[in-house]
Amino acid sequence: MSDLNKLTIAEARDLLRAGDVTSVALTEACLEAIDGAGKLNAFVHHTPDLALERAKAADDRLKSGDAPAMCGIPVGIKDLFCTQGVDSQAASRILEGFRPEYESTVSAQLRDAGAVMLGKLNMDEFAMGSSNETSVYGNVVNPWKVDARDLTPGGSSGGSAAAVAADLCLAATGTDTGGSIRQPAAFTGTVGIKPTYGRCSRWGIVAFASSLDQAGPMTKTVRDAAIMLEAMCGHDPKDSTSADLTVPDFEAMLTGDIRGQKIGIPREYRMEGMPAEIEKLWAQGAEMLRDAGAEIVDISLPHTKYALPTYYVIAPAEASSNLARYDGVRYGHRAKLAQGDGITQMYEKTRAEGFGAEVQRRVMIGAYVLSAGFYDAYYNRARKVRTLIKRDFEAAFATGIDAILTPATPSAAFGLGEMAEADPVQMYLNDVFTVTVNLAGLPGISVPAGLDAQGLPLGLQLIGRPWEEGALLKTAHVLEAAAGFVSKPEKWW
Amino acid sequence: MSEIDIETARKVAHLARIAVPEDNLPALAQDLSRILTFMEELSEVDVEGVEPMTSVTPMRLKRRKDGVTDGNIQTKILSNAPDAREGFFAVPKVVE
């Protein structure tokens with residue numbers, strides 16, 4: 001069988017269980033696709049030997065009849081996840097050469113379910129970025145292309161999105177602090193879900209902003225997102241914020257029946273200067289859900305406009321604490337010291353050499369907003385506004401809203417380098433529709449819904465009630481089917 | 001509009017333990033000022049009586065028994081150190 005790398009998880013699982021394909025064959029097809037896709041720069045640490053070893057073990061397990069859904073499925077792992085014995089450097093120079101002695105809980109759960117890790121995926125440094133241009137490994141290139149320009153796959157999970165869109169793997173892990181799963185999914189015509197805060201253990205994932213970070217799957221279909229999310233979720237005693245709740249069979253909840261569901265359309269998401277195409281797609285999405293029997297309701301989330309500034313206080317504040325550990329003592333890079341340099345010079349030189357410009361900027365902003373005299377004006381105020389943002393959602397859900405439909409991004413993928421001259425705040429605007437969800441701890445999913453006039457994919461976002469990923473996936477599945485998005489990037493790489 | 005001057009930029013860089021060359025301080029000050037101006041939109045929100053969020057999900061954090069759960073992994077802990085000697089992390093002299 002050819003093109004095994006193009007299968008979805010669900011298709012591959014059924015073929016594996018029927019004995020019609022082996023995990024080794026699937027894995028070899030993906031490894032070959034990866035070898036031919038160097039131009040995309042999606043995979044940055046390759047683990048072919050480990051992959052084939054795990055694929056063989058998965059085939060044995062499949063033969064014995066004891067195989068969970070992810071058994072034998074080749075996946076890519078974002079470089080933010082610590083993987084035992086395999087380079088894990090969060091796309092930062094400061095973690096050069098770091099090979100963890102342990103495995104993150106999420107990647108361990110996938111491994112234990114029999115999934116086959118093909119290698120580590122490129123990303124923005126420490127997950128700080130919306131275009132995958134801050135990586136120490138260089139830019140990831142979007143497999144979608146409409147002219148001579150190389151486009152961004154989005155960020156920070158840009159390598160994951162590009163790899164899934166280009167069929168280098170069947171699925172990949174991502175993480176999402178302000179939109180880092182959903183925005184790249186929208187830019188590449190793939191599906192990405194950020195579950196409720198606490199669904200996935202954060203243990204072993206390099207921390208960016210601990211109160212916002214969540215892992216999630218990036219896949220080709222909503223069904224695949226349901227299958228893979230289930231394998232990634234669950235309580236972990238090593239992460240005290242992980243929820244001790246049973247993980248439902250998400251796939252079984254994809255019934256296609258959303259009759260009577262109330263879908264909210266938040267008026268504050270109609271941003272000034274929003275491209276007409278995005279507005280049209282949003283209206284079409286609402287129409288599709290209405291046709292499927294849902295009730296469309298206008299809602300208000302009054303504090304929406306404060307979400308970005310709130311996020312850009314809280315996330316850097318937490319990052320400045322989390323990144324304090326990179327000091328050249330226990331792991332990673334240490335700067336060469338001059339005669340007479342003391343420990344302070346070691347810290348300062350190491351961090352200057354090890355962190356890229358955007359990470360330095362955020363760490364310093366974080367240090368500033370937490371510093372004496374400014375703590376109340378910035379950090380505490382932002383935490384109060386965060387409470388108000390969450391209350392907006394609670395009020396909407398209290399009126400019986402089941403899910404909220406919004407655009408995923410304010411534009412389609414833009415050209416790499418196009419934002420180089422813009423001020424940092426311009427880049428932050430990419431997250432305008434997604435950050436609210438992280439601030440409120442809610443589940444959100446991006447579903448490919450159409451192409452713009454240039455032929456680039458656009459996504460719609462659905463936001464669900466806390467812990468109700470199953471219902472959210474069900475609605476997303478209906479939207480996916482109605483939108484009928486089947487386009488794939490033409491291979492040029 | 002919030003203005004970060006060069007002196008404040010130097011102080012913030014030191015707080016963050018990042019060496020910033022003197023020549024780069026004006027640009028850094030400008031970048032930080034822009035970002036802070038953007039954050040100042042928050043000052044127009046009425047937050048009177050609002051509790052600052054400490055936990056996004058209203059749940060009690062789990063407690064575990066206060067006991068030793070691992071240990072005897074010194075080699076593993078030191079395996080990634082840029083400079084480890086005789087079972088310790090080695091750093092430049094801290095105390096004269």
Side-chain angles (χ1 to χ4, degrees), chain A residues 97-99 101 196-198 211 237 240-241 243-244 303 305-306 309-310 312-313 320 327-334 337 341-349 351-352 355 360-361 363-369 371 378 380-388 390 423-425 428 440-441 466, chain B residues 2 4 8-9 11-21 24 28 30-32 34-59 61-64 69 73 75-84 89-96:
Chain A
F98 177 54
R99 290 195 174 161
E101 295 281 353
T196 314
Y197 182 81
S211 78
S240 62
T241 62
D244 196 358
H303 294 90
K305 71 174 279 208
Y306 302 109
T310 301
Y312 278 98
V313 174
S320 88
D327 56 5
V329 175
R330 286 156 297 167
Y331 27 62
H333 178 74
R334 178 186 290 187
L337 301 182
D341 275 352
I343 195 150
T344 305
Q345 285 79 18
M346 185 193 79
Y347 295 150
E348 291 186 343
K349 287 184 177 178
R351 289 161 66 81
F355 291 147
Q360 292 195 15
R361 206 159 24 227
V363 167
M364 288 192 258
I365 278 286
Y368 182 79
V369 300
S371 64
Y378 292 104
N380 241 355
R381 175 165 281 269
R383 290 198 304 143
K384 289 177 184 174
V385 180
R386 187 176 180 187
T387 300
L388 294 172
K390 186 172 178 236
D423 79 76
V425 174
Y428 298 168
Chain B
S2 173
I4 298 256
T8 311
K11 202 180 115 201
V12 172
H14 179 68
L15 268 178
R17 298 291 184 275
I18 295 174
V20 177
N24 297 356
L28 174 67
Q30 202 184 358
D31 263 355
L32 297 183
R34 277 203 199 119
I35 298 172
L36 286 174
T37 304
F38 171 58
M39 291 171 177
E40 257 146 43
E41 280 179 40
L42 296 183
S43 59
E44 67 191 54
V45 186
D46 180 7
V47 293
E48 191 59 40
V50 179
E51 278 294 306
M53 185 184 287
T54 46
S55 166
V56 71
T57 43
M59 55 165 55
L61 292 186
K62 285 226 161 213
R63 292 177 179 187
R64 63 168 173 80
T69 54
I73 49 171
T75 342
K76 283 188 173 184
I77 285 170
L78 294 173
S79 67
N80 277 294
D83 189 1
F89 295 110
V91 295
K93 192 153 58 167
V94 180
V95 185
E96 287 301 326

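Residue numbers start from 1 in every chain, and the chains themselves are labelled A, B, ... in the order their sequence lines are given, proteins ahead of strands. Keep in mind that what you see is a predicted model, and the values were worked out from it rather than measured.
Ranked by heavy-atom pairs under 4.5 Å with chain B, the first of A:R334, A:R330, A:M346 is A:R330. Ranked by non-hydrogen atom pairs under 4.5 Å with chain B, the options A:D327, A:N380, A:T310, A:L337 are led by A:T310. Ranking A:V329, A:V313, A:T344 against chain B, the residue ahead of the rest is A:V329, based on heavy-atom pairs under 4.5 Å. Annotation: maximal heavy-atom pairing with chain A below 4.5 Å, among B:R17, B:Q30, B:R64, occurs at B:R17. Among A:T241, A:V363, A:I365, the residue with the largest count of heavy-atom pairs under 4.5 Å with chain B is A:I365. Interface check for chain B: of the options A:Y331, A:Y197, A:Y306, A:Y347, the most heavy-atom pairs under 4.5 Å are formed by A:Y306.
Interface remark: B:F89 contributes side-chain atoms only to the contact with chain A (heavy atom separation under 4.5 Å). In this structure, no portion of B:I73 lies under 4.5 Å from any heavy atom of chain A. Looking at B:A90, the atoms closer than 4.5 Å to chain A (heavy atoms on both sides) all sit in the backbone: N, CA, C or O. For B:E51, the part lying near chain A is the backbone, with the side chain staying farther off; criterion is any non-hydrogen pair under 4.5 Å. With a threshold of 4.5 angstrom between heavy atoms, A:A243 approaches chain B through its backbone and through its side chain.
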Requested in this report: Please lay out, stage by stage, how A:D244 and B:K62 fare under the test salt bridge (charged side-chain N to carboxylate O under 4.0 Å, His left out).
Outcome: CA-CA 9 Å; A:D244 196 358; B:K62 285 226 161 213; 2.7 Å; yes
Query raised in the report: Could you walk me through whether A:K384 and B:M53 pass the side-chain contact (heavy atoms from CB on, under 4.5 Å) check?
Result: CA-CA 6 Å; A:K384 289 177 184 174; B:M53 185 184 287; over 6 Å; no
Requested in this report: Check the pair B:T8, A:Y368 against side-chain contact (heavy atoms from CB on, under 4.5 Å), reporting the backbone distance first and the verdict last.
Outcome: CA-CA 9 Å; B:T8 311; A:Y368 182 79; 3.9 Å; yes
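Within the 4.5 Å cutoff, the side chain of B:L15 has heavy atoms near those of the A:S371 side chain.
Using a 4.0 Å cut-off between a side-chain N of Lys or Arg and a carboxylate O of Asp or Glu, B:D31 and A:R361 qualify as a salt bridge. A salt bridge is absent between A:R381 and B:E40: the closest approach of a Lys/Arg side-chain nitrogen to an acidic carboxylate oxygen does not fall below 4.0 angstrom.
Across B:S79 and A:E101, no two heavy atoms sit closer than the pair OG-OE2, 2.6 Å. The two residues A:P309 and B:M39 come nearest to each other via the heavy atoms CB-CA, 4.0 Å.
Contacts of A:Y428 classified as ring-ring contact (aromatic ring centres under 6.0 Å, His included), with partners at least two apart in sequence or in another chain: A:Y312. Partners of A:T196 according to the side chain to side chain donor-acceptor pair (under 3.5 Å) rule, which considers only residues two or more places apart in sequence or in another chain, are A:E469.
Distance check: A:D341 CG to B:K93 NZ gives 13.5 Å after rounding to the nearest 0.5 Å. Distance CD1/B:I18 to CZ/A:R351: 5.5 Å, rounded to 0.5 Å.
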